[in-house]
Amino acid sequence: MAKTNIDLVDELDMFPYAATNPEGFKRMHDGLYTLIWEDEEGAYPIGYVLDRVLDELRKVPVSVRGSIDVDDEHRTVMLFREPTEEDRSIRVAGLAAYWRDQARFPLLLRGWRNELWPVYGRKGELLFNMERAATSLIGTMRYGVHMIAYVRDEAAPHGLRLWIPTRAADKSTFPGMLDNTVAGGLMTAEDPFECVIREADEEASLPDAVVRSRARFVGNVTYVYITDADKVGEDGFIHPECQWVYDLELPANVVPQPKDGEVAQFELCDVDQVQRDLAQGRYKPNCAVVTLDFFIRHGILTGDNEPDMDQIKTRVRRDIPLPGPHQSNWRPA
């Protein structure tokens, strides 16, 4: 059965909303602890720890995990309370490596990247760095960039064709699915635009000068995904995510080419083909929603042809109550 656009949003923004699904929201929270941080202003959330992760955490030697403070009544947990960011990052790295070596969580073995991702406090400070795959275990904010490259073609539906990559069959996550032209995780201290430049070269062989002069930032997409074992390696982990989204209009003589092995091929697709592939579920979930956002911005999806337009617009920019640069009042320390 063909997927609707709201189906695609549902498959990405999966964490229940308290206002519209209070029973689902309660069930979800009944299976997790909120990871909190505390400063002179009080405690606040920075992530979500599943019950099964906390159970494993209790088994880890104190010399590896450090102290933990669990409040079972309020279902909160505090971790990594070392005095400096460097000390905390060392503690986090030791715990992640221990779990990987003990093969406790398949997603660590399947998704380990040797990339450090940031976890921020509410004042803009870096609390600690953590291996990309391990952030799933504590449900902290994840950041990335997505860029859709397209060409003008008056003969094509809506006058556009999009450069669509197929992910390599040996990718650790979502192998063989369709993607946005360029996408990647945002490492600690990396500028989003510079990340786009890097990923455009590594994944698509796009020249620095072309991307730097033509890429246009068009906003953020935010959602809360819940992992699927077939696509990621393990079920049920919470991924609050924010993507910096870019459009790139390319001249006809600039053709993306695979470079680092993460992409099997690029294909120049018209809008009708992209919409068919979306309806068939061929896209990686966040790439599907970034594509819907592109269609809205370019007048392809409108209130006249999309009955769920208001809900889609709201949910592709979900309010996520964790600190970080996705917040409108963000001020880096």
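- A salt bridge is defined here as a Lys NZ or Arg NE, NH1 or NH2 lying under 4.0 Å from an Asp or Glu carboxylate O, and Glu194 with Arg212 meets this definition.
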Handout entry: Evaluation steps, salt bridge (Lys or Arg N to Asp or Glu O under 4.0 Å), between Asp10 and Arg315
Key = CA-CA 9 Å; Asp10 287 341; Arg315 292 180 60 194; 2.7 Å; yes
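- For the pair Val9/Gln311, no side-chain contact is recorded, criterion being any heavy-atom separation below 4.5 Å from C-beta on.
- For Glu234 (side chain) and Thr227 (main-chain N/O), no donor-acceptor pair under 3.5 Å exists by modelled atom type.
- Without hydrogens or angle criteria, Arg65 side chain to Val60 main chain gives a donor-acceptor distance under 3.5 Å.
- In terms of modelled atom types and a separation under 3.5 Å, the side chain of Thr302 and the main chain of Gly299 share no donor-acceptor contact.
- A tilted orientation is assigned to the rings of His239 and Tyr225, their planes being inclined by 30° to 60°.
- Between the side chain of Thr166 and the main chain of Ala264, no donor-acceptor pair closer than 3.5 Å is present.
- Residues Ile138 and Met130 have side chains in contact (heavy-atom distance under 4.5 Å, counting atoms from C-beta outward).
- Taking the ring axis of Tyr17 as reference, the NZ or CZ atom of Arg318 stays within 45° of it and closer than 6.0 Å to the ring centre.
- With contacts defined as side-chain heavy-atom distances shorter than 4.5 Å, the pair Tyr120/Met141 does not qualify.
- Residues meeting the side chain to side chain donor-acceptor pair (under 3.5 Å) test with Glu85, sequence neighbours left out: Ser89, Asn129.
- Relative to the ring axis of Tyr98, Arg104 does not place its NZ or CZ within 45° and under 6.0 Å from the centre.
- In this structure a side-chain-to-backbone donor-acceptor pair under 3.5 Å is present from Asp235 to Ala229.
- At distances below 3.5 Å, not a single donor-acceptor pair connects side-chain atoms of Arg216 with backbone N or O atoms of Asp247.
- Side-chain atoms of Gln327 come within 3.5 Å of backbone atoms of Ile320 as a donor-acceptor pair (strictly under, hydrogens ignored).
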Donor-acceptor contacts under 3.5 Å from residues 168-179 side chains, at least two apart:
from: Lys171; atom 1: NZ; to: Glu262; atom 2: OE1; distance (Å): 3.0
from: Thr173; atom 1: OG1; to: Arg167; atom 2: NH2; distance (Å): 3.2
from: Asp179; atom 1: OD2; to: Arg167; atom 2: NH1; distance (Å): 2.7

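- Distance check: Ile197 CD1 to Leu206 CG gives 9.5 Å after rounding to the nearest 0.5 Å.
- Qualifying side chain to side chain donor-acceptor pair (under 3.5 Å) partners for Trp330, counting only residues two or more places apart in sequence or in other chains: none.
- Within a 6.0 Å radius of CG in Asp310, no more than 12 heavy atoms belonging to other residues, nucleotides or ligands are found.
- By the 4.5 Å heavy-atom criterion applied to side chains, Asp153 and Asp270 are not counted as neighbours.
- A side-chain donor-acceptor contact under 3.5 Å links Arg75 to the backbone of Leu32.
- Summarising the geometry, atom CG belonging to Asp39 is positioned 9.5 Å from atom CG belonging to Leu127; distances are rounded to the nearest 0.5 Å.
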Handout entry: Arg276 vs Asp272, salt bridge (Lys or Arg N to Asp or Glu O under 4.0 Å): CA-CA, chis, key distance, verdict
Key = CA-CA 6 Å; Arg276 285 193 295 270; Asp272 289 351; 5.1 Å; no
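- Between His298 and Tyr150, the ring-plane angle classifies as perpendicular under the 30° and 60° cut-offs.
- Between the side chain of Asp293 and the backbone N or O of Val290, no donor-acceptor pair lies under 3.5 Å.
- Within the 4.5 Å cutoff, no side-chain heavy atoms of Phe128 are placed close to those of Glu82.
- Within a 6.0 Å radius of CD in Glu41, more than 12 heavy atoms belonging to other residues, nucleotides or ligands are found.
- Phe266 and Trp163 have perpendicular rings, their planes meeting at more than 60° on a 0 to 90° scale where under 30° would count as parallel.
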Problem - Pair Tyr143-His326, side chain to side chain donor-acceptor pair (under 3.5 Å): steps then yes or no - result: CA-CA 9 Å; Tyr143 298 98; His326 61 288; 2.9 Å; yes
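- In this structure, Glu86 places its CD atom where only 12 or fewer heavy-atom neighbours from other residues, nucleotides or ligands lie under 6.0 Å away.
- At distances below 3.5 Å, at least one donor-acceptor pair connects side-chain atoms of Asn305 with backbone N or O atoms of Ile300.
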